[in-house]
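Here's the structure, in structure tokens; my notes come after.
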Amino acid sequence: MPVDTAPEQAAPEQAAPEQAALEQRFQDEIDRDGRIEPRDWMPEGYRRTLIRQIAQHAHSEIIGMQPEGNWITRAPSLRRKSILVAKVQDEAGHGLYLYSAAETLGVDREELLDLLHRGRQKYSTIFNYPTTSWADVAAIGWLVDGAAIMNQVPLTRCSYGPYARAMIRVCKEESFHQRQGFEAMTVLAGGTPAQQQMAQQALDRWWWPALMMFGPSDTESPNSAQSMAWGIKRFSNDELRQRFVDATVPQAQHLGLTVPDPDLRFDGEHWVSGEIDWSEFFTVMRGDGPCNRERMTARVAAHEDGAWVREAAQAYAAKHAVITAAA
Ligand code: BYC
């Protein structure tokens with residue numbers, strides 16, 4: 001089925017009674033905070049919104065393997081290397097759960113990958129920044145996985161069953177990733193002056209892009225209102241961003257690091273950030289960030305290089321199906 005993520009067409013004025021009953025059943029399920037399952041009737045706009053978000057999420061996981069994968073050969077010890085290999089493999093696994101969740105909505109993962117490769121679907125802006133030192137790997141675990149958890153824990157209660165269930169396992173793994181990042185950051189921040197400087201510079205590089213991961217401000221977020229009404233998003237972009245800032249500033253203080261925001265202040269209840277440079281966010285989202293082209297070139301090359309693996313797996317599955325049918 002071709003992927004169509006265009007806005008939903010206006011419903012015909014006179015919906016058939018049967019159609020009205022289906023809509024009512026869907027709405028009742030949403031209102032009672034139940035789960036919509038793949039075989040349930042759902043509005044076309046709900047299906048398209050989920051395909052858009054889940055596909056973007058899946059693409060982010062697999063493109064997100066690149067900045068860290070870049071450091072596997074240069075990790076400072078065997079222990080750090082084995083942890084990093086496991087983490088990058090986890091991200092691949094998250095991508096697979098998410099493509100599977102998207103497929104329950106009637107799309108094919110080959111088609112979603114094709115849309116990504118042609119620049120027709122997005123992935124998170126955060127992965128278009130370079131990892132210039134080992135401390136960036138630690139900062140990604142601490143900040144990027146920390147932001148991911150803040151955003152994804154509410155998705156375990158998303159109204160679409162397969163997405164919510166995929167998120168439970170993803171969040172458990174992201175939680176481990178965040179802890180290992182914070183632990184690696186703790187070692188650097190408590191190390192030699194050169195290591196402390198690496199840790200500070202990594203925080204300087206990743207702080208603002210991590211805040212941008214939560215998406216545009218609520219006033220500039222075209223999809224939030226409908227996604228919240230449908231129970232796909234449980235909190236707005238700004239609410240989740242604020243939770244992240246509140247959780248992370250004390251962690252930076254604990255590490256003895258300075259958050260690179262001269263306007264950051266505590267108002268008695270929350271840590272209030274200075275203004276985010278939204279022009280940078282939109283530039284990166286449009287494809288003009290520091291590493292957009294490099295990331296897409298590597299992704300397309302990996303897809304092409306892996307064609308023989310997919311063909312071999314399909315040939316094996318076909319052979320196995322014949323053997324099973326004959327048995
Ligand atoms: N980057 O109306 P809005 C990870 C787009 S993986 C790029 O607020 P929505 C990890 C948005 O798609 C991290 N684009 O949208 C992996 C929309 O564009 P279209 C990924 C962004 O969907 C490996 C437009 O801006 N996490 O954590 O209601 C290692 C307007 O925005 C971004 C997920 O995908 C962005 N940052 O809310 C480590 C989580 N932000 O399609 C870690 C699931 C917004 O209308 N996704 N856009 O043209 C979500 O929760 C929501 O999709 C978002 C955006 C909060 C991201």
Side-chain angles (χ1 to χ4, degrees), residues 3 5-7 45 48-70 84 87-95 97-98 101-102 115-116 119-129 131 136-137 139-156 158 160 163-164 166-167 170-171 173-178 180-181 206 208-230 232-241 244 276 278 280-287 289 292 295:
V3 182
T5 50
R48 287 192 202 125
T49 297
L50 281 166
I51 292 173
R52 178 185 64 78
Q53 177 166 327
I54 299 173
Q56 174 174 323
H57 195 165
H59 301 329
S60 302
E61 297 283 356
I62 55 167
I63 300 251
M65 295 166 72
Q66 292 186 36
E68 293 172 285
N70 185 29
L84 187 56
K87 179 178 191 293
V88 172
Q89 282 179 340
D90 284 352
E91 312 300 358
H94 298 173
Y97 311 150
L98 287 161
L115 288 168
L116 170 69
R120 299 267 316 281
Q121 282 185 341
K122 299 183 173 75
Y123 59 92
S124 182
T125 45
I126 192 76
F127 301 116
N128 292 307
Y129 292 86
T131 39
D136 288 337
V137 174
I140 288 178
W142 173 35
L143 300 173
V144 176
D145 289 278
I149 294 169
M150 208 52 95
N151 168 266
Q152 291 171 25
V153 166
L155 291 173
T156 63
C158 155
Y160 188 57
Y163 191 26
M167 281 300 107
V170 169
C171 286
E173 292 174 354
E174 298 292 20
S175 173
F176 160 73
H177 297 170
Q178 195 273 347
Q180 69 81 34
W206 291 89
W208 292 107
L211 295 195
M212 294 174 199
M213 278 177 76
F214 293 91
S217 66
D218 293 351
T219 49
E220 303 292 323
S221 166
N223 302 301
S224 278
Q226 182 62 76
S227 286
M228 288 176 80
W230 274 329
I232 297 173
K233 285 169 91 162
R234 297 280 170 171
F235 300 97
S236 77
N237 298 355
D238 286 336
E239 282 171 327
L240 292 174
R241 190 170 10 250
F244 174 75
I276 291 173
W278 290 113
E280 176 179 324
F281 171 75
F282 288 111
T283 299
V284 178
M285 198 167 87
R286 271 199 313 272
N292 295 59
R295 299 288 183 242

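Read the numbers this way: they start at 1 and go in the same order the structure lists the ligands and their atoms.
- Of all heavy-atom pairs spanning Ile276 and Trp208, the tightest one is CG1-CZ3, 3.8 Å.
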TODO: Run the numbers on Arg241 and Asp238 for salt bridge (Lys or Arg N to Asp or Glu O under 4.0 Å), then give the verdict.
DONE: CA-CA 5 Å; Arg241 190 170 10 250; Asp238 286 336; 2.7 Å; yes
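- Distance alone, capped at 3.5 Å, is enough to place a donor-acceptor pair between the Gln66 side chain and the Arg295 backbone.
- Side chain of Ser60 to main chain of Ser124: a donor-acceptor pair is present (N/O by atom type, distance under 3.5 Å, no hydrogens or angles).
- Sorted by chain and number, the residues within 4.0 Å of ligand 1 by heavy atom are Arg52, Gln53, Gln56, His57, Ser60, Glu61, Glu91, Lys122, Tyr123, Ser124, Thr125, Phe127, Val144, Asp145, Ala148, Asn151, Gln152, Leu155, Tyr163, Met212, Met213, Phe214, Gly215, Pro216, Ser221, Pro222, Asn223, Lys233, Asn237, Phe281, Met285.
- Side-chain atoms of Asp218 come within 3.5 Å of backbone N or O of Asn237 as a donor-acceptor pair.
- Under the 3.5 Å distance criterion, with hydrogens and angles disregarded, no donor-acceptor pair is assigned to the side chains of His59 and Gln56.
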